[in-house]
Amino acid sequence: MKKVIAREEWCLNCRLCEVYCRTAHSVSGDVVRAHLREDPTPVSRITVEGDNLDSVAVNCRHCDEPACVAACITGAMQKDPETGIVTCDESRCIGCMTCLAVCPYGCIKTGKAAVKCDLCQGTGEPACVKNCPNRALVYVEVGGAAK
Amino acid sequence: MRYTVPEFEVERNLQRCISCGACVRQCSYGVHYFDDDGKTVLADESKCVACHRCATICPTHAIKIKAFEMAYKTHFNWTPQAQQEILKQAETGGVLLSGMSNNKPYPIYWDKILLNASQVTNPSIDPLREPMEIRTFLGRKPKKLTFSADGSLATRLEPQVQLETPIMFSAMSFGSISINAQKSLAMAAKELGTLFNTGEGGLHPALRDFRDYAVVQVASGRFGVHKAYLEGSRFIEIKIGQGAKPGIGGHLPGEKVTVEVSNARMIPEGSDAISPAPHHDIYSIEDLRQLIWSLKEATQYKKPVAVKIAAVHNCSAIVSGVARAGADIIVMDGFRGGTGAAPTRIRDNVGIPIELALAAVDQRLRDESIRNTVSLVAAGSFRNSADVVKAIALGADAVYVASAPLIAMGCHMCQQCHTGKCNWGIATQRPELVKRLNPEIMSQRVVNLIGAWNHEIKEMLGGMGLNSLDSLRGNRLMLRGIGLNDRELEILGIAHAGQ
Amino acid sequence: MKRYAIVGASAAGLSCAKTLRALDADCKIDLFTDEAYLPYSRPIISYYLKNKVNAQQIYLQDAAFYEANDITVHLNEPVTEVREHALQTQRGKRYGFDKLLLATGSVPFVPPMENVGGQENVFTFLTMSEAERLKAYAEPDMHAVVLGAGLIGLKAAEGLRSCVKSVTVVELAGKVLPSILDDRAAPMVEAHLQANGIVTLLGDTVVRAEGKEKITSVTLKSGKTLPCDLLVVAVGVRPNTALAESCGADVNRGITVDHETMETTVPDVFAAGDCVRSLDILDGKEKIIALWPNAVREGKTAAYNMAGVPEKDTGSFAVNAIDFFGQRICTCGLINDDSAQVLVRADATQYKRLLVKDNHLVGFVLINCSARAGIYTELIRQKTDLTALSGDLLKEPGLMLYARDVRTEKLTGGVRI
């Protein structure tokens, strides 16, 4: 499957990936409205860690054997056997956040439900990759995961 | 109390600011900062240099940098800028420093020269349909060619450098610019079939694969010069002077001499890298001749040796001497050439325009029948392809560009190169800033730029009915002046428009 | 064609069935449950009680899933006996199998109390049917008493809070959530429960009930009497091992299994989930680890080994994430290990307690600061040497804790771009 790969050496700590992730997962799809008008403000599924000297963007690795899926008590968290994408069905999630407690990358956020990267399902290149000003994020075939 | 007022003003559109903090984290000058609420972004405008990094990266375009407008009682002599500079010196007691190039409103002759085009009497050429040659060779050319009985060339040719475009990248050392900026140029040079120039900074190990596209400099500090450095290059350039600061040496402060810089320059880490104003072994043309031939000897006469001088008042006579001293390529750098750091007064008041120097030198060498012995490379601010075409018609074999590719990489001409805080990752050695410049992206932008210029050059050549750049070299009939006086036209060797 | 039988249709049973189907497209899979529901989420029943989910949202998979995957679910069919590769159900049917998984879970433990047995308003809180019964019974003017301030008891109390007039939780131990909270965290949680209208009585327990057919009040060990219109007993659960014992498997509180394969002492009979004695990889002790992720993993491991694919279980340890009235609690590993070094960062609403032993993280308690807690869990699981990390462990954790090459490897999986 194709995954978002972070290239730490080029990460600027600008955190635009977070901005555009929130926008891509907003109701309006507009960067200003998503951040200033929408309530709740959309949650970024990608997190930039570190400081200007050393930073890296971390988002869901869409693991072959996802701990979050195994831990999900409602069946909301699933790995699509075709695409390999791990998604949380927010209508089924009850927000117990057991997934958050077991994700080794810390990639699950708390919103109304568990919130995580869905690789911008169906829209081609994810918003974080598309808008990274320094190609610190790339979207590449890594093989393996999807059947 | 500081007597100077801020130069710029940060206008933040609060209807658009989403408090993402990109500006806060991206500004190396510390202009933007969060209020205690962690949401409101404030600005210390006195630190702003108008590099526009914040405005460019702001995802909502909420930031505008404006001039800090102050009304002064009108005085045409004591302009606000003149007053500000005095205040600065009154505060610091220091020499005013600047980066980039002369920004005084001296005449720009390129904008007073017009190109010709074919109409009826000779056909223009469509470069999309017909071959158009812009390949360029640099090096000493023979006076005439002789052939053996079997038709093969009997004349022994001096080493030549083949370029796929008449545009090369000027010397910018590792130290003055970042390794990523230099690597971007190196990668672009490779893809374009042209050359980049190491400046007086030695060759960074990361650029070893690009040696075939490198011009290596030997300057007054002799930093980084060794056998492999010379042998790895396409040609060697002895730097006598620089257009932005003729008569002045260089000074890379110790804090910029990082481990990597120290390795490349072969000097102790943290020590000031001082390039003396003169080469202390060159006090005459004869001394220069010794260095030229030493370098040729060191490289088995396989590489052309170039000499770079700043365009100054007597440059015709100097260039004549340099040509006779054995240089294969002579580079002249006009007074609008760039720099990483120069005293402002020198930058803005010393040297002459490259247009006049080039025309005068080309004519002088022709008059002395030694024009073929050297290739002439013009430097000192080529802003677009038309400037390049005009330079070729005035007699240049090729040109050096630097500011233009730097602008392609993000430079906004804030002229703060000397501070080492370049927010675009160009003129800095700070790792957090250097990594902002990804050579994968930037080399492509530079390739795009020069590729576009190449297309435009071919268009202009075709319009003039020429199908090769060689047909334009020194062909001043293709040029006309506009708004120039007789003296200027005489020096440029061109007729006035309408003649 | 191989025949697999699975007794118990919750986390471990379903996980096993899914894995078996993935491994073998042709095998026959029979899933037996004594309940009337397709596999559903037991932890979700408190959300059902407070109307956060409806009766259709409790299922782990929709009915079409079982059809599509050819998994036969036998509802309302308790298994009464296992003998020689065949099982007998209460309806008198016999089913042969090649391999059997016992995923029988646990049953609520009701301690002896005077005049409680047989009363109609006594509930446990483990299954959907009990939740349905409780929901139907509860009325807005009722006084509820919950016996036990463990995870189940408090979840029942939270769910009941919106259904009845008052909820009193009685806990014998000196603190709420005694098994997962330390002495500093428990009062924070208790205060939050109280702020949300739950009355807590610690160090006390119900000894007697008043009323005929229906309890009307309860008397505590302290002598206190509480009005009681419904009583939820949630003092704990016991592994449901009856079937295992009947087929001769070794049982020692939980079913004894090979920790690598999940096979019981009876060949071809496997067991997984809450009914099993798991091996806690943190202290090397065998214990019942009645937690969802543990059951899912064990069910999966069992499936591999039932299908003859050697797959070693990676071992268990406790991870709990839960919230009460919006207060998030996340705990993991050894919480009350006295020999561990304790690192604490706390303010009025947040509390973080990390337990470090021999340069390894062995447990944590997080209250309202669980962001990226999985990174801590991973440090515990991998037994990462903390001296190889940099940065403040007490801050919000991140991959920046790891050395650069380590985190790059983790993030890229070795892909070089």
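The sequence lines fix the lettering, A, B, ..., with proteins before strands; numbering per chain opens at 1.
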Part of B:Leu433 within contact of chain A (heavy atom distance under 4.5 Å): neither

Side chain, backbone, both or neither: which part of A:Arg33 has a non-hydrogen atom closer than 4.5 Å to chain B? neither

Would A:Glu90 and A:Lys112 pass as an ion pair if we require N to O under 4.0 Å? no

Between B:Gly425, B:Cys20, B:Pro59, B:Ala22, which residue shows the highest count of heavy-atom pairs closer than 4.5 Å to chain A? B:Pro59

Can you say whether A:Leu12 sits under 4.5 Å from chain B via the side chain, the backbone, both, or neither, judging by heavy atoms? both

Is a side-chain N or O of B:Ser178 found less than 3.5 angstrom from the main chain of B:Val434, in a donor-acceptor match? no

Part of A:Val19 lying under 4.5 Å from any heavy atom of chain B: side chain

Using the six-membered ring wherever Trp is involved, compare the ring planes of B:His412 and B:His52 and label them parallel, tilted or perpendicular (cut-offs 30° and 60°). perpendicular

Within the 3.5 Å criterion, strictly below it, is a donor on B:Arg436 or B:Asn423 matched to an acceptor on the partner's side chain? yes

With the threshold set at 4.0 Å, does a side-chain nitrogen-carboxylate oxygen contact exist between A:Glu125 and A:Lys130? no

CH2 of B:Trp453 to CZ of B:Arg383, rounded to nearest 0.5 Å, is 9.5 Å

Contacting region of B:Cys17 [heavy-atom separation from chain A under 4.5 Å]: backbone

Using a cut-off of under 4.5 Å for heavy-atom pairs, which of A:Ser55, A:Cys14, A:Ala34 has the most such pairs with chain B? A:Cys14

